[in-house]
Amino acid sequence: MRDLEGDDLVRNAPGASASARARELRSEHPLLTTAAAMLGIRTSAQSFAAGARGERRVGRQLNRWATRYGWHVLHAVPVGQRGADIDHVIIGSFGVVTVNTKATGTAVWVGEYGLTVGGKSVDYLPKSRNEASRAARLLKRATGFDVPVQSAIVFVGARRVTVRRGGPADVAVLPSPRALRHWLCKQRPVLRPGQVDAVYEAARRRVSWQSR
């Protein structure tokens, strides 16, 4: 088996991409970042840093659960050529789940076709759908067979999460990391053990996630 070296995404720490972006923004605008912090104004750098903390929290728990349940977990998976990434990718007998972690201290409302955070409409649902669709396409190319992929949005620190009519049919919107674990444990098997191993070996290679 060839040495994966820097190509192996298993080495990626949860929140690595968001942390790097936060550092980059702070270094680009140090005076603005300092002034905003003194005035209590939230900057993009602070938003990325908060997101990274949320990803680390979810990532640590996913790593523990992966050991317990026999799942495979990857973090900060780079997709494409423009710096986009998937927060977490979980691989098991249930197929693949792409997870988008969102940290917020406000109230969240989830409907069948929309989602609001702090009363403001956000585009998390279409972005999560696109992540799952892209992952399915790239992993099929890498493995040679259809790979079932589902998407999930997990909130960290939300004051309240209200779900109406079960929420969207094709995206699992979950109020906490613990709810993610319960949801994963209820998913039915769709891959054989050999297929799980094949998907994991493909998914851990950086090149598998780059569009040709």
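Position 1 is the first residue of the sequence, and the numbers go up from there.
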Gap between atom [atom2] of [Y] and atom [atom1] of [X] - 0.5 Å precision:
{"X": "E201", "Y": "T143", "atom1": "CD", "atom2": "OG1", "answer": "12.5 Å"}
{"X": "Y69", "Y": "I90", "atom1": "OH", "atom2": "CD1", "answer": "12.0 Å"}
{"X": "F155", "Y": "S176", "atom1": "CZ", "atom2": "OG", "answer": "11.5 Å"}

Side chain [X], main chain [Y], donor-acceptor under 3.5 Å:
{"X": "T67", "Y": "N63", "result": "yes"}
{"X": "D7", "Y": "R206", "result": "yes"}
{"X": "N12", "Y": "A76", "result": "yes"}
{"X": "Q195", "Y": "R192", "result": "yes"}

**Request:** Please assess F94 against K186 for the test side chain to side chain contact (heavy atoms under 4.5 Å, CB included), listing each intermediate value before the final yes or no.
**Result:** CA-CA 9 Å; F94 44 68; K186 292 191 297 184; over 6 Å; no
**Request:** Applying side chain to side chain contact (heavy atoms under 4.5 Å, CB included), run through L62 and L180 and close with a yes or a no.
**Result:** CA-CA 9 Å; L62 282 173; L180 171 62; 3.9 Å; yes
Does [X] have any side chain to side chain donor-acceptor pair (under 3.5 Å) partners at least two apart in sequence or in another chain, and if so, which?
{"X": "T101", "result": "H88"}
{"X": "T106", "result": "T104"}
{"X": "R129", "result": "D170"}

**Prompt:** Applying the 4.5 Å side-chain criterion to the ILVMFWY set and letting contacts propagate, would F145 and V190 be lumped into a single cluster?
**Reply:**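 Same hydrophobic cluster.
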**Item:** Verify same cluster id: V77, V73 (apolar side-chain graph, 4.5 Å)
**Value:**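 No, separate clusters.
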Just wondering, do [Y] and [X] contact through their side chains at under 4.5 Å, heavy atoms?
{"X": "P148", "Y": "L191", "value": "yes"}
{"X": "P78", "Y": "L9", "value": "yes"}
{"X": "C185", "Y": "H182", "value": "no"}
{"X": "R64", "Y": "R68", "value": "no"}
{"X": "L139", "Y": "V96", "value": "yes"}
{"X": "D85", "Y": "V79", "value": "no"}
{"X": "D87", "Y": "H75", "value": "no"}
{"X": "V97", "Y": "V149", "value": "no"}

**Message:** Can you list everything that forms a side chain to side chain contact (heavy atoms under 4.5 Å, CB included) with P177? Sequence neighbours excluded, please.
**Reply:**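 Here the qualifying residues are R57, V58, Q61, W65, V154, V156.
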**Asked** Is there a side chain to side chain contact (heavy atoms under 4.5 Å, CB included) between E131 and N100 once you walk through the steps?
**Response** CA-CA 9 Å; E131 280 186 351; N100 195 336; 4.3 Å; yes
Scan the side chains in residues 107-125 for donor-acceptor partners under 3.5 Å anywhere in the protein, sequence neighbours excluded, and list what turns up.
none

**Asked** What's the verdict on side chain to side chain contact (heavy atoms under 4.5 Å, CB included) for W71 and V196, showing C-alpha distance, side-chain angles and the deciding distance?
**Response** CA-CA 9 Å; W71 304 334; V196 173; over 6 Å; no
**Asked** Looking at V89, V199, I91, which one forms a side chain to side chain contact (heavy atoms under 4.5 Å, CB included) with H72?
**Response**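 Of V89, V199, I91, side chain to side chain contact (heavy atoms under 4.5 Å, CB included) with H72 is met by I91 alone.
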Going by atom type alone, with no hydrogens or angles, which donor-acceptor pairs under 3.5 Å involve a side-chain atom of residues 157-167 and a protein atom two or more places apart or on another chain?
none

**Request:** Output yes when K140 and D146 qualify as a salt bridge under the 4.0 Å nitrogen-oxygen rule, no when they do not.
**Result:**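 Judged by the 4.0 Å cut-off on N to carboxylate O distance, K140 and D146 do form a salt bridge.
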